[in-house]
Amino acid sequence: MSDATPSEPGPDFAAMTRDIAEVPAVEVIVTVAVNLMSAAAVKLGLTEEGDAYKDLDEARKLVHALAGLLDAGATEISSFHAAPLRDGLKSLQLAFREASLVPDEPGQGPGEKYTGPVFG
């Protein structure tokens with residue numbers, strides 16, 4: 001007999017696929033948008049930890065990706081879902097502008113390619 005303990009079972013990919021198949025597209029898009037917003041807030045130093053995780057280069061990428069997602073998905077998720085996400089995006093864009101030592105020109109900030117210039 002072997003003394004080896006049985007290995008733990010791997011993830012049940014069939015169940016995971018079935019679970020994701022049951023999630024409406026609107027919910028997936030909104031969830032991704034909220035995750036991008038949360039990550040951007042952390043990288044902008046807007047959390048309780050403050051500047052501990054601040055990284056404006058990373059924040060720029062996240063805000064830009066969020067703006068692109070909202071631009072592409074806004075008509076798919078309805079204004080009911082899109083409006084608060086757009087408000088959050090604008091807040092992040094303004095926070096980025098305030099945190100930057102050398103502010104971008106109007107229309108050149110993260111995501112402004114999709115949203116147009118953001119002014120405080």
field: Same apolar cluster (I L V M F W Y, side chains within < 4.5 Å links), Val42/Val32
entry: no

query: Does the side chain of Val34 reach to within under 4.5 Å of the side chain of Leu85, using non-hydrogen atoms?
result: yes

task: Determine whether Leu70 and Thr115 make a side-chain contact, defined as any pair of heavy atoms from C-beta on separated by less than 4.5 Å.
output: no

statement: In short, Ala40 meets Val63 closest at the heavy-atom pair CB-CG2, 3.9 Å

task: Inspect the contact between Glu112 and Arg97 and indicate whether a charged nitrogen and a carboxylate oxygen are less than 4.0 angstrom apart.
output: yes

query: Any side-chain heavy atom of Glu58 within less than 4.5 Å of one from Tyr53?
result: no

query: Sub-3.5 Å donor-acceptor pair from the side chain of Glu98 to the main-chain atoms of Ala95, do we have one?
result: no

message: Restricting to side-chain contact (heavy atoms from CB on, under 4.5 Å), what partner residues turn up for Ser78, sequence neighbours left out?
response: Phe80, His81

field: hydrophobic_cluster_shared for Leu89 and Ile77, side chain cutoff 4.5 Å
entry: yes

message: Closer than 3.5 angstrom, by distance alone: can the side chain of Asp71 be matched with the main-chain N or O of Ala67 as a donor-acceptor pair?
response: no

field: Pairwise distance NE2(His64) to CG(Leu92) - rounded to 0.5 angstrom
entry: 14.5 Å

message: In this structure, would Leu46 and Phe96 fall into the same cluster of hydrophobic residues linked by side-chain contacts under 4.5 Å?
response: yes

message: Rounded to the nearest 0.5 Å, what separates atom OH in Tyr114 from atom CG in Leu69?
response: 10.5 Å

query: From Asp87 CG over to Met37 CE, what is the distance, rounded to the nearest 0.5 angstrom?
result: 8.5 Å

message: Just verifying a value: how many Å separate Arg60 CZ and Lys43 NZ, rounded to the nearest 0.5 Å?
response: 15.0 Å

query: For the atom pair OG1 (Thr47) and NZ (Lys54), what is the distance rounded to the nearest 0.5 Å?
result: 11.0 Å

message: Is it the case that over 12 heavy atoms from other parts of the model lie below 6.0 angstrom from the CD atom of Glu49?
response: yes

- line: CG (Asp104) and CD (Gln93) are apart, to the nearest 0.5 Å, by 10.5 Å

